[in-house]
Amino acid sequence: MSLGASAQIERVEPLNWWVGFENNDLQLLIKGNNISNAIPSISYDGVHLMSIQKGTSPNYLFLNLNIHADTKPGAFDIVFEQENMETIRYSYTLNARKKEADAYEGFNSSDAIYLITPDRFANGNVINDQVSGLKDQTLNRAQDYYRHGGDIRGIINHLDYIKDMGFTTIWPTPLLTNDMSESSYHGYAITDFYEVDPRFGTLDAYKELAEKIKENGMKLVMDQVANHCGIEHWWMKDLPFNDWINQQDNFLNKKEINKSNHRRTANQDMYASKLDKKNLNDGWFVDSMPDLNQKNPFMATYIIQNSIWWIETLELGGIRQDTYPYPDKEFMSDWAGAIMKEYPNFSIVGEEWSMNPLLVGYWQSGAKNKDGYESNLRSTMDFPMQNNIVAALNENEEWDKGLVKLYEGLANDFHYATPEDIMIFADNHDMSRIHTQLNEDYVKTKMALASVLLLPRVPQIYYGTEVLLSDAEKPGDHGLIRTDFPGGWQNDTVNAFTGEGLTDEQKDVQNFLKKVLNYRKESKAIHNGKTIHFAPENGIYVLFRIEGDETVVMILNKNENSVALDLNRFEEMGLVDKTLKNMISEDSITWKGPLKINDRGVILLTTKL
């Protein structure tokens, strides 16, 4: 006699798999009451059950399968024989892959990424604003840390706006279930790695988002978290092994949990103590986020397979990996390596929140690290340059202050293996809005955005930056940083999607960004051209991007009064007597003699007429 899967099998993860991977191995996590007492078997051509591992808990089995390269897609039963009990059959599916591995093209320097906090972008389906049975039932837009109701449908409804603005890639912060009692809106305390949070929508809605992004010629980046889960994750009530999470004994015995020391330099420090390294990697990020133990080989495989499952399911164009330096760094190399082996043209960006370019560069694939470490990570996040841009625009001009911070910051590119693969941004979901950082000076904000889009980098813009969203009321407050996008909710009096109710300054910045982004889409000079810049003089910094017959010029001017820029200084650029067009005003100039600059701000010129 056989029973349905729901009888005793609670979970099988990954939920399904595919044929035709480079790595033919698959490890299934089986969760069910006393399932370790069962004897599993599989009978399907090309699929071999190589070994079985019981968990420390009697409610887990791990099945190690080998899927031969010639295996056909299809469904097969996993049969669980139990002594003196009824047989359980669980149907498992192997799918054909949707496209070839090398067709999974990741983001690169030709892209411009739009970062969205989904709960705060647009509410496309009010029915899922609150979901019965979930712990967090808050819904109040007046409260910064409550849920506001934004969802996947809201993003789908406004893909035309994102595309028209000139973005080529969309990165939503995590959309997976965060069944936490409070602050569940941000998505980084995941309680089920294979489930879409029902307040955001369904897996089908996520797939629809991915498909419509692809139809619009854009890419989807998924925000993933390998370092930790949420304290309410389903496995926290019944951990598979006695070392599934770090400090598991303390957790189970309700003893004090050590937090991470956040000394990320311990990953590279040749003098670092074992204690400092352990406290970095094994300490919990916060009390509500248990630290996953990637040294457990079953946990390591679970995380790697989960990433690959989402890449295949959504046909992703990239992964952003949260808190990159905190997990075991050897595992992170294996994780990125496993993904890049399957998808050689893919892109992963890791978050290293450091102002030190030496640390940022350490994590990039191809870095000549003294300890021999190879990360297999194509991209890192350029916090040092973000900090330099803000300092360059805020500081008064002196020998070692002001625009020279941008000039000398870019000079650090000699350290990076491939600087054009590094992700640059003016702000993001964890820091004050750039308009706040620049003291709500919208001219400076445009200068910062121009720098982000013209440097040899992969640019990322945070939603709402284009309409000067600010957290000046409570600088640094995460709930306010992640404020609602105007027009994303019915009856909003201001609508940034249509322009209704925006101030002149907001419209100016939005239009500026739209023009630069859409020019950038087709600009080979910006995508992969040569970069030449000149040391700032008299409050002016000039940078050139050159590819073939296209030259793009960025002039940052901090002078309040009218100035004349001597173009003879840039003779080596070969622009004398050539006609250039202003990217924003579309006026033309001849590159000859002094260039009169009447206003403080940024000028963008191009030889493409």
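Values below: every heavy atom of this structure, side chains too, minus hydrogens, waters and symmetry copies. Nothing fancy with the numbering, it's 1 onward along the sequence.
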Any chance you could lay out the side-chain hydrogen bond (donor to acceptor under 3.5 Å, both in side chains) test for Asn66 and Asn24, step after step, and finish with the verdict?
-> CA-CA 6 Å; Asn66 181 268; Asn24 293 328; 5.2 Å; no
- Run the numbers on Tyr373 and Asn267 for side-chain hydrogen bond (donor to acceptor under 3.5 Å, both in side chains), then give the verdict. CA-CA 10 Å; Tyr373 183 75; Asn267 281 307; over 6 Å; no
query = So Asn376 and Ser365, side-chain hydrogen bond (donor to acceptor under 3.5 Å, both in side chains) or not? Walk me through it.
reply = CA-CA 5 Å; Asn376 296 307; Ser365 181; 5.0 Å; no
Stepwise side-chain contact (heavy atoms from CB on, under 4.5 Å) check, Ile348 with Met340 = CA-CA 9 Å; Ile348 308 170; Met340 296 307 294; 4.3 Å; yes
- Query: Checking side-chain contact (heavy atoms from CB on, under 4.5 Å) for the pair Leu29/Val12: CA distance, chi angles, key distance, verdict?
  - Reply: CA-CA 6 Å; Leu29 178 154; Val12 175; over 6 Å; no
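For the side chain to side chain donor-acceptor pair (under 3.5 Å) condition, the pairs that include at least one residue of residues 341-351, sequence neighbours left out, are Glu312-Tyr343, Arg320-Glu351. Residue pairs meeting the side chain to side chain donor-acceptor pair (under 3.5 Å) criterion with at least one member in residues 248-259, sequence neighbours excluded, are Lys259-Asp287. Evaluation of the salt bridge (charged side-chain N to carboxylate O under 4.0 Å, His left out) test over residues 326-340, restricted to residues two or more places apart or in two chains, returns Lys295-Asp328, Lys329-Asp371. The side chain to side chain donor-acceptor pair (under 3.5 Å) pairs that include a residue from residues 41-54 are Ser51-Asn64, where partners are two or more places apart or lie in different chains. Sorted by first then second residue, the ring-ring contact (aromatic ring centres under 6.0 Å, His included) pairs that include residues 131-156, not counting sequence neighbours, number zero.
Aromatic ring centroids of His262 and Tyr326 lie under 6.0 Å apart. Ring-centre distance between Phe241 and Phe298: below the 6.0 Å cut-off. You'll find the ring centres of Tyr194 and Trp309 inside the 6.0 Å limit. For Trp235 and Tyr302, the distance between ring centers is under 6.0 angstrom. Remark: aromatic rings of His158 and Tyr463 are distant, center separation not under 6.0 Å. Under the 6.0 Å cut-off for aromatic ring centres, Trp310 and Tyr206 qualify, their centroids lying closer than that.
In this structure Ala266 satisfies the side chain to side chain contact (heavy atoms under 4.5 Å, CB included) test together with Ala272, Lys277, Leu280, sequence neighbours excluded. The salt bridge (charged side-chain N to carboxylate O under 4.0 Å, His left out) test applied to Asp197 returns Arg199, not counting sequence neighbours. Every side chain to side chain contact (heavy atoms under 4.5 Å, CB included) that Pro118 has, sequence neighbours left out, goes to Ile116, Ile155, Pro172, Thr173, Leu175, Phe200. Arg263 pairs by the salt bridge (charged side-chain N to carboxylate O under 4.0 Å, His left out) definition with nothing, not counting sequence neighbours. Residues passing the salt bridge (charged side-chain N to carboxylate O under 4.0 Å, His left out) test with Asp111 are Lys219, sequence neighbours excluded. Under the rule for a side chain to side chain contact (heavy atoms under 4.5 Å, CB included), the partners of Asn123 that lie at least two apart in sequence or sit in another chain are Val126, Asp129, Asp151, Trp489. Applying the side chain to side chain contact (heavy atoms under 4.5 Å, CB included) test to Gln82 and every residue at least two apart in sequence or in another chain returns Gln8, Ala38, Met85, Ile88.
Remark: side-chain polar atoms of Glu374 are paired, donor with acceptor, to backbone N or O of Gly366 under 3.5 angstrom. One N or O on the side chain of Thr191 and one on the backbone of Asp179 form a donor-acceptor pair closer than 3.5 Å. A donor-acceptor pair under 3.5 Å is absent between the side-chain atoms of Asn125 and the main chain of Arg153, judged by distance alone. Formation of a donor-acceptor pair under 3.5 Å by the Asp477 side chain with backbone atoms of Gly479 is found in this model. Between the side chain of Gln364 and the main chain of Thr418, a donor-acceptor pair closer than 3.5 Å is present. The backbone N or O of Thr313 sits nowhere less than 3.5 Å from a side-chain atom of Glu315 that would complete a donor-acceptor pair. A donor-acceptor pair under 3.5 Å links the side-chain atoms of Arg120 to the main chain of Arg482, judged by distance alone. Put simply, the side chain of Glu10 never gets that close to the backbone of Lys31: no donor and acceptor are under 3.5 Å apart. Checking side-chain atoms of Asn281 against main-chain N and O of Asn279 turns up no donor-acceptor pair under 3.5 Å. Remark: the backbone N or O of Arg89 is not paired with any side-chain donor or acceptor of Asp77 at under 3.5 angstrom.
Note on ring orientation: taking the six-membered ring where Trp is involved, the planes of Phe76 and Tyr92 are tilted (angle from 30° to 60°).
Residues Glu352 and Thr380 bring no donor and acceptor atom of their side chains to less than 3.5 Å of each other.
Counting heavy atoms from C-beta outward, Ile481 and His429 have side chains that stay 4.5 Å or more apart. Between Trp353 and Met381, the closest side-chain pair of non-hydrogen atoms is not below 4.5 Å. Counting heavy atoms from C-beta outward, Ile9 and Ile35 have side chains that approach closer than 4.5 Å. For the pair Pro174 and Gln224, the minimum side-chain heavy-atom distance is 4.5 Å or more. When side chains are defined from C-beta on, Ile190 counts as touching Asn178, because their heavy atoms get closer than 4.5 Å. In this structure, the side chains of Phe251 and Met236 come closer than 4.5 Å at one or more pairs of heavy atoms. The shortest distance between side-chain heavy atoms of Trp17 and Ile308 falls below 4.5 Å. Side-chain contact between Ile113 and Ile170: absent, with no pair of heavy atoms (C-beta onward) separated by less than 4.5 Å.
Counting all heavy atoms, side chain and backbone alike, Ala226 lies closest to Gln294 at O-NE2, 2.8 Å. Looking at every heavy atom in both residues, Met218 comes nearest to Ile162 through SD-CG2, 4.3 Å.
Counting heavy-atom neighbours within 6.0 Å of Glu100 CD, excluding the residue itself, gives a total of 12 or less. No more than 12 heavy atoms of other residues, nucleotides or ligands lie within 6.0 Å of NZ in Lys72, so this atom counts as exposed by the packing criterion.
The ring-ring contact (aromatic ring centres under 6.0 Å, His included) test with Tyr324 singles out one residue from Tyr362, Trp363, Phe383, and that residue is Trp363.
Comment: Arg264 does not engage Asp276 in a salt bridge, judged by the lack of any side-chain N to carboxylate O separation of less than 4.0 angstrom.
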